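A short write-up of the structure that comes next.
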Amino acid sequence: MEILAPEPGQSTDPKPPHQPRHAAEEGRRPSWFQSRRAADVLEARPEKSARAVARREWFDRVRTRPGFRFLLPGVLLLVLLTAAGMAGRYVVPAAAKPRVDASASGAAPGGTNGVPPMTGAPETGEAPRPDNPSASPTFSPPAGTRQRPADVYGAWAGTRSVRLNIPVVALQAYGYAEAVTARSTPKCHLTWTTLAGIGKIESDHGQTNGSVLQDDGRSVPPIVGPPLDGQNGRQSVADTDQGALDTDRTWDRAVGPMQFLPATWKQYGLDADADGVIDINDIDDAALTAAAFLCDNGRDLATLAGWNAAIHAYNVPEEYRAAVFNATNDYGRKDRQS
């Protein structure tokens, strides 16, 4: 078999010659490629081949136009802008809605009231320190004097009174009650901020309904709550003291700056200011009595369970416990931040 050498200019390779990349970008394809592809398609599917070839030729013409290279990025940008617009319409407004603030609405921050559950005991403030480091919190003033044992915490209370909006006399009573309880019932871990939280909710620290907290710790006029007659959501508690403390011979009423019921006061009442009188209207006696009541039954107020149990024992409603938690936590945070 005789093999003839190719004539000059004749290719020995049936495949098309190498096509530079820039030739494709300019839309120039060898006539061999177009004719070969068209012939193959026509032979395979004569009915659909014409449309396929037409689409291919249209695409080749379009993509060689100067604006084609910007078309795809433009489409992608349009899709991204549309997606961002939809997110702004639905996602952002939902995230921007303010959450329910229990302290602003008066609802309770926990339980079933629609606010985040509490995961720890309320934040506490700095422990009270007596003006005289050697002074004992069980100090008793000489007979006939008006000095209160809680007066040893005058400087400690004075630096906090304005900042926390609590009368100095009330702060002294809360600090003194914490110090005494820390010695008598150390496992209770009672803090003055818990007593302040209760005092705030119960009587605004002995100042509700126009009462004024005197320098000796007494609220004038005395603070007496509504009758516990079962009306308007109140409990029904018949009279237990013949009106001696609450001036009501039919129903019991809560009395004093810490709002004790007569029967509870009779069981737990203490003389904190060493004046010989267990006075339900005296914030010194009332604060120390509240401390004893909260620590009863071996409660540990350093735990959330123990703290909640103590407050529920003081007053049953969940809204009450939550309000005291808010006030307690607020006092503790402000005091520690200062």
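If you're wondering where the values come from, they're calculated on a predicted model, not measured in any experiment. Residues: numbered from 1 along the sequence shown.
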Discussion item. Please enumerate all residues that pass side-chain hydrogen bond (donor to acceptor under 3.5 Å, both in side chains) together with N315, with sequence neighbours excluded.
Written reply: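 Listed in chain order: nothing, the list is empty.
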Are the side chains of [Y] and [X] in contact, using a 4.5 Å heavy-atom criterion?
{"X": "D246", "Y": "D239", "result": "yes"}
{"X": "T193", "Y": "P122", "result": "no"}
{"X": "D273", "Y": "P149", "result": "yes"}

Smallest separation among heavy atoms of [X] and [Y], with atom names:
{"X": "V168", "Y": "A157", "result": "O-CB, 3.8 Å"}
{"X": "F260", "Y": "A286", "result": "CE1-O, 3.6 Å"}
{"X": "P221", "Y": "S211", "result": "O-OG, 2.7 Å"}
{"X": "A287", "Y": "M258", "result": "N-CG, 4.1 Å"}
{"X": "H205", "Y": "P167", "result": "CB-CD, 3.9 Å"}
{"X": "D282", "Y": "D284", "result": "OD1-N, 2.8 Å"}

When hydrophobic residues are tied together by side-chain contacts of less than 4.5 Å, even through go-betweens, does [X] share a cluster with [Y]?
{"X": "V237", "Y": "I223", "value": "no"}
{"X": "V224", "Y": "L228", "value": "no"}
{"X": "V324", "Y": "L304", "value": "yes"}
{"X": "V169", "Y": "W156", "value": "yes"}
{"X": "L288", "Y": "Y268", "value": "yes"}

Worksheet item: side chain to side chain contact (heavy atoms under 4.5 Å, CB included) with D285: which of D279, L270, I280, V277?
Response: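 For D285, the side chain to side chain contact (heavy atoms under 4.5 Å, CB included) check succeeds only for D279.
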Fill in: Positive for side chain to side chain contact (heavy atoms under 4.5 Å, CB included) with T124, one of L190, T194, T328, T191
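Among L190, T194, T328, T191, the one meeting side chain to side chain contact (heavy atoms under 4.5 Å, CB included) with T124 is T191.
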Item to complete: Please assess F325 against W307 for the test ring-ring contact (aromatic ring centres under 6.0 Å, His included), listing each intermediate value before the final yes or no.
Response: CA-CA 9 Å; F325 184 97; W307 193 90; 5.5 Å; yes
Practice prompt. Quick one: sort the F293 and Y314 rings into parallel, tilted or perpendicular, breaks at 30° and 60°.
Written response: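 Rings of F293 and Y314: perpendicular, as their planes differ by over 60°.
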[X] [atom1] to [Y] [atom2] distance, which is reported to the nearest 0.5 Å:
{"X": "D241", "Y": "R249", "atom1": "CG", "atom2": "CZ", "result": "9.0 Å"}
{"X": "Y331", "Y": "Y174", "atom1": "OH", "atom2": "OH", "result": "7.5 Å"}
{"X": "I201", "Y": "I311", "atom1": "CD1", "atom2": "CD1", "result": "10.5 Å"}
{"X": "Q172", "Y": "I166", "atom1": "CD", "atom2": "CD1", "result": "12.5 Å"}
{"X": "I283", "Y": "Y176", "atom1": "CD1", "atom2": "OH", "result": "15.0 Å"}
{"X": "L164", "Y": "K334", "atom1": "CG", "atom2": "NZ", "result": "7.0 Å"}

Worksheet entry | Atom CG of N165 with >12 non-hydrogen neighbours under 6.0 angstrom |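 No, the 6.0 Å shell around CG holds no more than 12 heavy atoms from other groups.
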Worksheet entry | Within 6.0 angstrom of R129 CZ, more than 12 heavy atoms from elsewhere |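 Open.
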Worksheet entry | Check against side chain to side chain contact (heavy atoms under 4.5 Å, CB included), I198 and L294 | CA-CA 11 Å; I198 294 175; L294 293 169; 3.8 Å; yes
With no hydrogens and no angle check, is any side-chain donor or acceptor of [X] less than 3.5 Å from a backbone partner on [Y]?
{"X": "E202", "Y": "G199", "answer": "no"}
{"X": "S219", "Y": "G206", "answer": "yes"}
{"X": "D335", "Y": "E126", "answer": "yes"}
{"X": "R253", "Y": "G225", "answer": "yes"}
{"X": "D252", "Y": "T240", "answer": "yes"}
{"X": "D271", "Y": "G276", "answer": "yes"}
{"X": "T208", "Y": "S203", "answer": "no"}
{"X": "R299", "Y": "D296", "answer": "yes"}

Discussion item. Could you go through D216 and R148, starting from their C-alpha distance and side-chain angles, then the distance that decides it, and tell me whether this counts as salt bridge (charged side-chain N to carboxylate O under 4.0 Å, His left out)?
Written reply: CA-CA 7 Å; D216 61 359; R148 305 152 52 226; over 6 Å; no
Worksheet item: Under a 4.0 Å N-O cut-off, is there an ion pair linking D300 with K187?
Response: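 No.
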